[in-house]
Amino acid sequence: MKTFYSSEFWNQGLIQLADNDYVVIDSFLPKELLNNLERKFILNENKQLFEPAKIGSAEVEKRITEIRSDYTYWLDRERDSDIVTFFEIVDELIRNCAEVLYLSLQGFEFHFARYPKGGFYKAHLDQFDSRSNRMLSMVIYLNHDWAIGDGGELRLLEPCIKTIEPLYNRAVIFRSDVVLHEVLQSNKLRRSITGWILKRPSGVDLLGL
Ligand code: OGA
Ligand code: NI
C-alpha cells in the first residue's frame with residue numbers, strides 16, 4: 001500500500017491530538033496535490049459551483065447568515081478523481097488513528113470552503129446534537145501570503161484557547177465533539193479544504209450537508 005508519511009510523523013501528530021484535543025501540522029500536503037487542489041478550487045469558483053453553507057442536521061437545514069457566511073463545494077471521491085491523492089492521505093490518517101490511538105473511524109466527508117471578504121463562522125461544535133457521527137475535524141488552508149491583520153483566524157475556545165492563522169498548507173485536526181471553535185472575520189478571501197472523519201460511513205441521505 002502506498003504511504004505518504006512515516007509512522008513517526010503520524011505518532012507525533014496523533015499523540016499531540018490525543019493530549020491536547022487538537023494538533024497543527026504545517027507544510028502538510030505534497031506540493032503537486034496542493035497545486036491540483038488549488039486549481040480545482042479556483043475552477044469551481046469560476047464555474048460558480050459553490051453554495052451557501054448550511055447549519056444543523058439534514059432535516060432542519062437553513063442558511064443562517066448571522067452564524068456563518070462561507071460557501072462550500074462538497075467533494076466526492078468518485079467524481080473528483082483528479083484529487084484521489086487527497087482521499088488516499090485521509091485513508092492513511094484513518095489507518096493511523098486505529099494504530100496509534102486505537103480509534104476506529106470509517107469514512108469521511110470533505111468540502112472546499114470559501115469565506116468571502118468579511119466572512120466568519122460563530123462559535124460552534126462540529127458534532128450536531130442529532131447526529132454524533134463526526135469524530136475528527138480537519139482543515140487545510142490554501143491562503144498564500146496570509147498576514148497579520150488579514151483576520152480569518154481559527155480560534156479554539158474550549159477546552160483550551162488558541163488562535164491559529166489560516167496559513168498556506170497548514171493542517172489543523174481537532175476533536176469534533178469537544179472543541180468549541182469559531183472563524184474570526186476574514187478581511188480577505190479565505191480558502192480551505194475542510195472535512196470530518198466519521199465513526200460510521202456517511203449515508204447517502206446525509207451527503208450534501
Ligand atoms: C467548520 C469550521 C474552521 C476553519 O467548517 O466547521 O469550523 O478554520 N472551519 O475553517
Ligand atoms: Ni467547525
Side-chain angles (χ1 to χ4, degrees), residues 17 20-26 28-29 34 37-38 41 44-45 50-58 60-75 86 90 93 108-144 146-199 202 206-209:
L17 173 63
N20 305 329
D21 297 321
Y22 77 93
V23 61
V24 177
I25 305 173
D26 284 323
F28 181 60
L29 295 176
L34 264 177
L37 287 170
E38 261 187 297
F41 199 117
N44 288 349
E45 278 176 348
F50 281 71
E51 290 182 349
K54 316 265 175 60
I55 305 167
S57 65
V60 295
E61 267 191 30
K62 276 196 206 119
R63 174 158 174 81
I64 306 183
T65 44
E66 300 84 63
I67 298 177
R68 68 187 293 189
S69 51
D70 57 324
Y71 292 75
T72 60
Y73 173 84
W74 284 92
L75 296 168
F86 179 74
V90 178
L93 166 67
F108 50 78
E109 48 194 17
F110 274 86
H111 61 52
F112 287 152
R114 183 180 195 281
Y115 288 71
K117 186 171 192 273
F120 60 86
Y121 192 162
K122 294 274 169 70
H124 65 282
L125 288 174
D126 285 351
Q127 258 195 16
F128 307 130
D129 295 340
S130 57
R131 183 182 153 227
S132 59
N133 200 21
R134 290 179 170 178
M135 301 303 284
L136 295 178
S137 306
M138 180 169 178
V139 192
I140 300 151
Y141 301 107
L142 300 174
N143 307 301
H144 295 277
W146 199 265
I148 295 187
D150 287 345
E153 292 91 349
L154 170 63
R155 176 166 287 167
L156 309 186
L157 300 162
E158 287 174 13
C160 60
I161 294 181
K162 173 90 186 160
T163 302
I164 301 167
E165 290 174 3
L167 302 183
Y168 188 69
N169 206 14
R170 168 174 278 176
V172 186
I173 306 173
F174 57 89
R175 271 180 62 177
S176 306
D177 58 340
V178 295
V179 176
L180 184 69
H181 60 282
E182 66 182 316
V183 177
L184 301 182
Q185 185 177 306
S186 186
N187 300 322
K188 63 181 199 184
L189 173 63
R190 177 190 196 267
R191 294 187 175 114
S192 66
I193 176 163
T194 301
W196 296 273
I197 319 294
L198 308 174
K199 193 155 64 186
S202 167
L206 299 174
L207 281 176
L209 256 184

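Keep in mind that what you see is a predicted model, and the values were worked out from it rather than measured. One-based numbering, in listed order, for ligands and for the atoms of each.
A salt bridge is defined here as a Lys NZ or Arg NE, NH1 or NH2 lying under 4.0 Å from an Asp or Glu carboxylate O, and Arg134 with Glu109 meets this definition.
Within 6.0 Å of atom NZ in Lys162, 12 or fewer heavy atoms from other residues, nucleotides or ligands are found, so the atom counts as exposed in its surroundings.
Residue Asp70 has no N or O atom closer than 3.5 Å to an N or O atom of ligand 1. Annotation: Asp126 places an N or O atom under 3.5 Å from an N or O atom of ligand 1; distance criterion only. Residue Tyr121 has no N or O atom closer than 3.5 Å to an N or O atom of ligand 1.
Of the inter-residue distances, the one linking Arg175 atom CZ with Leu136 atom CG reads 8.5 Å to the nearest 0.5 angstrom. Taking OG1 of Thr72 as the reference point, atom CZ of Phe110 lies at 14.0 Å (rounded to 0.5 Å). Interatomic distance, Glu153 CD to Leu167 CG, rounded to the nearest 0.5 Å: 9.5 Å.
Closest approach between the Ni ion (ligand 2) and any N/O/S atom of His181 involves NE2.
Close approach to Tyr141 involves these atoms of ligand 1, each under 4.0 Å from a residue heavy atom: 4 (C), 8 (O). Every atom of ligand 1 is numbered from 1 in the order shown, and the set under 4.0 Å from a heavy atom of Thr194 is 5 (O). Ligand-side atoms of ligand 1 in range of Trp196: 6 (O), range being under 4.0 angstrom from any heavy atom.
The OD1 atom of Asp126 and the NE2 atom of His124 meet at the Ni ion (ligand 2) at an angle of about 90°, given to 10°.
The residue Val172 has no part lying near ligand 1, judged by heavy-atom distances below 4.0 Å. Contacts of Glu182 with ligand 1, taken as heavy-atom pairs under 4.0 Å, are absent altogether.
If you look at Phe41 and Phe50, their ring centroids are closer than 6.0 Å.
At distances below 3.5 Å, at least one donor-acceptor pair connects side-chain atoms of His181 with backbone N or O atoms of His124.
Each of Asp126, Asp177, Thr194 was evaluated against Ser137; a single residue qualifies, Asp126, per the side chain to side chain donor-acceptor pair (under 3.5 Å) test.
Ligand 1 has Arg190 within reach: a non-hydrogen atom of the residue lies less than 4.0 Å from it.
Protein heavy atom nearest atom 9 (N) of ligand 1, with residue, atom name and distance: Val183 CG2, 4.0 Å.
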